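Working notes for the structure below.
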Amino acid sequence: MSFKILAECPGTQARRGILSTPHGEINTPVFMPVGTRGSVKAMSPDEMEKLGAEIILGNTYHLFLKPGMEIMSAAGGLHKFSAWKHPILTDSGGFQVFSLSTLRKIEQDGVRFASHIDGSRFFLGPKESMQIQRILGSDIVMAFDECTPYPATYEEAEKSMKMTTRWERISREQPLDPGQQLFGIIQGSMFKDLRQQSARELVEIGFEGYAIGGLSVGEPEEMMFDCLDWTVPLLPKDKPHYLMGVGTPKQIVEAVARGIDMFDCVIPTRLGRHGSAFIADGSTIPVKAGRYAKDFTPIDESCDCYACRNFTKAYIRHLMNVGEILGIRLITIHNLHYYISLMRRIREALDTGTFSQFRAEFGK
RNA sequence: GGUGGGGUUCCCGAGUGGCUAAAGGGGGCAGACUGUAAAUCUGCUGGUUUUACCUUCGGUGGUUCGAAUCCACCCCCCACCA
């Protein structure tokens, strides 16, 4: 068993666990910073370690395009190439089927893409995605899916979900290296029966973990929680549950309460580069805004990250204002610290049986 | 002292009689961002009682139904020549 549950919340579906991988253990619930192209933007592996990141993401689509598999193979995989010693989860390229919808055509066995970099044509399907992720050497491999666009009609959602299931079955059949775990991804848009059908079929195929995809694509927040309520109870309890691409701090706390163990999201890093920083209550402040020009206090008085211990909003705003890289780095450090320590607080609450209380407090 | 070029809205800079409150940048301000085509993108940027009126293109005075645009004089800046 690579996933061990250490504690369960009596009042909610939340669990505290440890996921074992060839590159180390991951304490769940966990937030996984996104490092699409082999780097968490603006951060060094050393800094990620210091922030307490236990696992980061990489992306099949992007790494396949650049540097390409010949180099990735010669480099000996993504861990060696990027000097990240800890676990890596790679997304399959399924999200790019969604986000690059104007640059691709879906076919029976996969997707024909025109590279967003130079327009060159290539094909990515479950077989290709598994082969690439095997070479990348990720600890957790994601099955190839289509992140269904929202809104979708029932017919569109059903067609997309069925195709995803077929692709995931093929993904499962592909060879991976010893230790590599494969996660399936539930789709079905916002339809209860499709979501549940997707979950049941994936459980039947059998994966080392189960992800819920196709959320946070523009639907109302309540719908996202509905989808979790419909599907998580159908998943094996002894396998990790991963909510893909989510989300805001409050969404994460709510999803943990619904039995989610793993999260990834570009929000902390992207907002950091764009000048917004998280504060204690989970909301953000626009540090680059003119109103902070003479604010000589840290982003968050109660935060003990490197940025808040040493720098003022006025200084960071100035850096952002003149385009100095350090501004971006400091807010990214702060935001990642916020997310990672949020997860630490959630785990502590689960360890001490106080999660329901934590959740109620956080929601205020 | 001479010759040539120029002074435009916060800045740079286009505009040489009505379609001009004035292109385009920059700067400023605000907003967006959820498995990263994103250190990106969008909007606003003279004033007000906002489908209209007022003020603004170095200054003053003129020509004209109408001037940032034409004329006269003045002030200032730049280059070259003496």
Side-chain angles (χ1 to χ4, degrees), chain A residues 31-43 55-63 65-66 88-104 113-119 129 133 138 140-148 150 164 183-187 209 211-221 223-224 242-252 254-255 260 262-276 278 282 284-293 316-317 319-332 335 339:
Chain A
F31 178 76
M32 308 181 282
V34 180
T36 305
R37 300 192 293 191
S39 154
V40 176
K41 292 183 191 295
M43 295 291 104
I55 173 172
I56 61 173
L57 258 68
N59 188 289
T60 297
Y61 169 91
H62 299 266
L63 292 168
L65 285 183
K66 272 178 186 288
I88 292 176
L89 179 151
T90 44
D91 189 25
S92 59
F95 187 71
Q96 280 61 48
V97 181
F98 162 80
S99 67
L100 302 179
S101 60
T102 56
L103 294 172
R104 56 64 174 164
F113 279 96
S115 159
H116 72 277
I117 301 166
D118 61 7
S129 180
Q133 295 184 73
S138 37
I140 299 172
V141 171
M142 297 308 298
F144 189 69
D145 69 329
E146 184 202 10
C147 176
T148 310
Y150 176 85
T164 284
F183 280 29
I185 305 172
I186 297 164
Q187 291 292 343
I212 297 160
L215 293 177
S216 260
V217 286
E219 79 285 2
E221 194 174 74
M223 270 189 192
M224 179 173 93
Y242 165 25
L243 177 53
M244 303 186 79
V246 174
T248 64
K250 281 184 175 131
Q251 288 170 346
I252 287 176
E254 284 308 303
I260 299 295
M262 303 165 69
F263 299 88
D264 79 278
C265 193
V266 304
I267 280 182
T269 44
R270 180 181 292 169
L271 292 201
R273 293 193 305 285
H274 295 177
S276 289
F278 283 87
T284 59
I285 58 167
V287 182
K288 69 175 174 185
R291 74 191 83 140
Y292 299 115
I316 297 172
R317 181 196 107 85
L319 295 176
M320 293 302 292
N321 206 241
V322 295
E324 282 293 341
I325 307 171
L326 182 60
I328 281 173
R329 286 178 26 75
L330 291 175
I331 306 180
T332 301
N335 284 351
Y339 268 69

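These numbers were taken from a predicted model, which means no experiment stands behind them. Labels below follow one simple rule: chain letters A, B, ... track the order of the sequence lines, proteins then strands, and each chain is numbered from 1. Just so you know, these numbers use all the heavy atoms, side chains as well, and skip hydrogens, waters and symmetry mates.
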| Touch check for A/G290, heavy atoms < 4.0 angstrom, all strands: base, sugar-phosphate only, or nothing? | sugar-phosphate
| Base, sugar-phosphate, or nothing: which does A/L57 touch, judged by heavy atoms less than 4.0 Å apart? | sugar-phosphate
| message | Under 4.0 Å, heavy atoms only, any strand: does A/D145 hit a base, just the sugar-phosphate, or nothing? | response | base
| task | If the plane angle is over 60° it's perpendicular, under 30° parallel, otherwise tilted; pick one for A/F31 and A/Y339. | result | tilted
| query | For A/M142 and A/M244, what are the C-alpha separation, side-chain angles and deciding distance, and is it a side chain to side chain contact (heavy atoms under 4.5 Å, CB included)? | reply | CA-CA 10 Å; A/M142 297 308 298; A/M244 303 186 79; 3.8 Å; yes
| field | No-hydrogen, no-angle side-chain donor-acceptor test under 3.5 Å, A/T284 and A/S276 | value | no
| remark: Taking a pair to mean Watson-Crick or G-U wobble geometry with both distances below 3.5 Å, B/C80 pairs with B/G2
| query | Considering only heavy atoms from C-beta outward, does the side chain of A/I331 approach that of A/K288 to under 4.5 Å? | reply | no
| message | A side-chain contact here means heavy atoms from C-beta on lying under 4.5 Å apart; do A/Q96 and A/H62 qualify? | response | yes
| task | Sticking with atom P, work out how far B/G1 lies from B/C74, rounded to a whole angstrom. | result | 13 Å
| Reckon A/S115 touches a base, only the sugar-phosphate, or nothing at all at heavy-atom distances under 4.0 Å? | nothing
| request: Looking at every strand, decide which applies to A/T102 at a 4.0 Å heavy-atom threshold: base, sugar-phosphate, or nothing. | output: base
| request: Between B/C11 and B/G59, how far apart are the C1' atoms? Round to whole Å, please. | output: 22 Å
| Span that lies between the P atom of B/U42 and that of B/C81, in whole angstrom | 49 Å
| said: Hydrogens and angles aside, do A/E221 and A/Q251 bring a side-chain donor and acceptor to less than 3.5 Å of each other? | reply: yes
| query | Which part of the nucleic acid, if any, lies within contact of A/E221, taking any heavy atom under 4.0 Å across all strands shown: a base, the sugar-phosphate backbone alone, or nothing? | reply | nothing
| query | What nucleic acid atoms does A/K288 come within less than 4.0 Å of, heavy atoms only: base, sugar-phosphate, or nothing? | reply | base
| message | Checking A/Q133 against A/T90: is there a side-chain donor and acceptor pair closer than 3.5 Å? | response | yes
| Using atom C1' of each nucleotide, how far apart are B/U20 and B/C33 to the nearest Å? | 37 Å
| request: On RNA chain B, reading 5' to 3', which nucleotide is the first and which the last to sit with an atom under 4.0 Å from a heavy atom of chain A, could you check? | output: B/G28 to B/U40
| query | Is A/G214 touching bases, backbone alone, or none of the nucleic acid, heavy atoms closer than 4.0 Å? | reply | base
| query | If the C1' atom of B/U56 is compared with that of B/C73, how far apart are they to the nearest Å? | reply | 23 Å
| task | Using the P atoms only, state how far B/G7 lies from B/G15, rounded to an integer number of Å. | result | 10 Å
| request: On RNA chain B, check which nucleotide each of A/H116 and A/V246 is closest to and give me the residue with the more 5' one. | output: A/V246
| Just checking A/R104: base, sugar-phosphate only, or nothing, at a heavy-atom cut-off of under 4.0 Å? | nothing
| said: Do A/Y242 and A/D264 pair up side chain to side chain, a donor and an acceptor below 3.5 Å, judged on atom types alone? | reply: yes
| Toward the 5' end of RNA chain B, which comes first, A/A293 or A/T269, by nearest nucleotide? | A/A293
| query | Which part of the nucleic acid does A/Q251 contact within heavy-atom distance under 4.0 Å: base, sugar-phosphate only, or nothing? | reply | base
| Taking the same atom, C1', in B/U9 and in B/G26, what whole-Å distance lies between them? | 14 Å
| query | Mind checking who B/C10 pairs with, Watson-Crick or G-U wobble, both distances under 3.5 Å? | reply | B/G26
| message | What's A/D264 touching, base or sugar-phosphate or nothing? Going by heavy atoms closer than 4.0 Å. | response | sugar-phosphate
| request: Tell me what A/D118 touches on the nucleic acid: a base, only sugar-phosphate, or nothing, going by heavy atoms under 4.0 Å. | output: nothing
| Does the side chain to side chain contact (heavy atoms under 4.5 Å, CB included) test come out yes or no for A/L65 and A/F113, once each step is laid out? | CA-CA 11 Å; A/L65 285 183; A/F113 279 96; over 6 Å; no
| task | Using the P atom on both, measure B/C10 against B/U45 and round to a whole Å. | result | 14 Å
| query | What nucleic acid atoms does A/A289 come within less than 4.0 Å of, heavy atoms only: base, sugar-phosphate, or nothing? | reply | sugar-phosphate
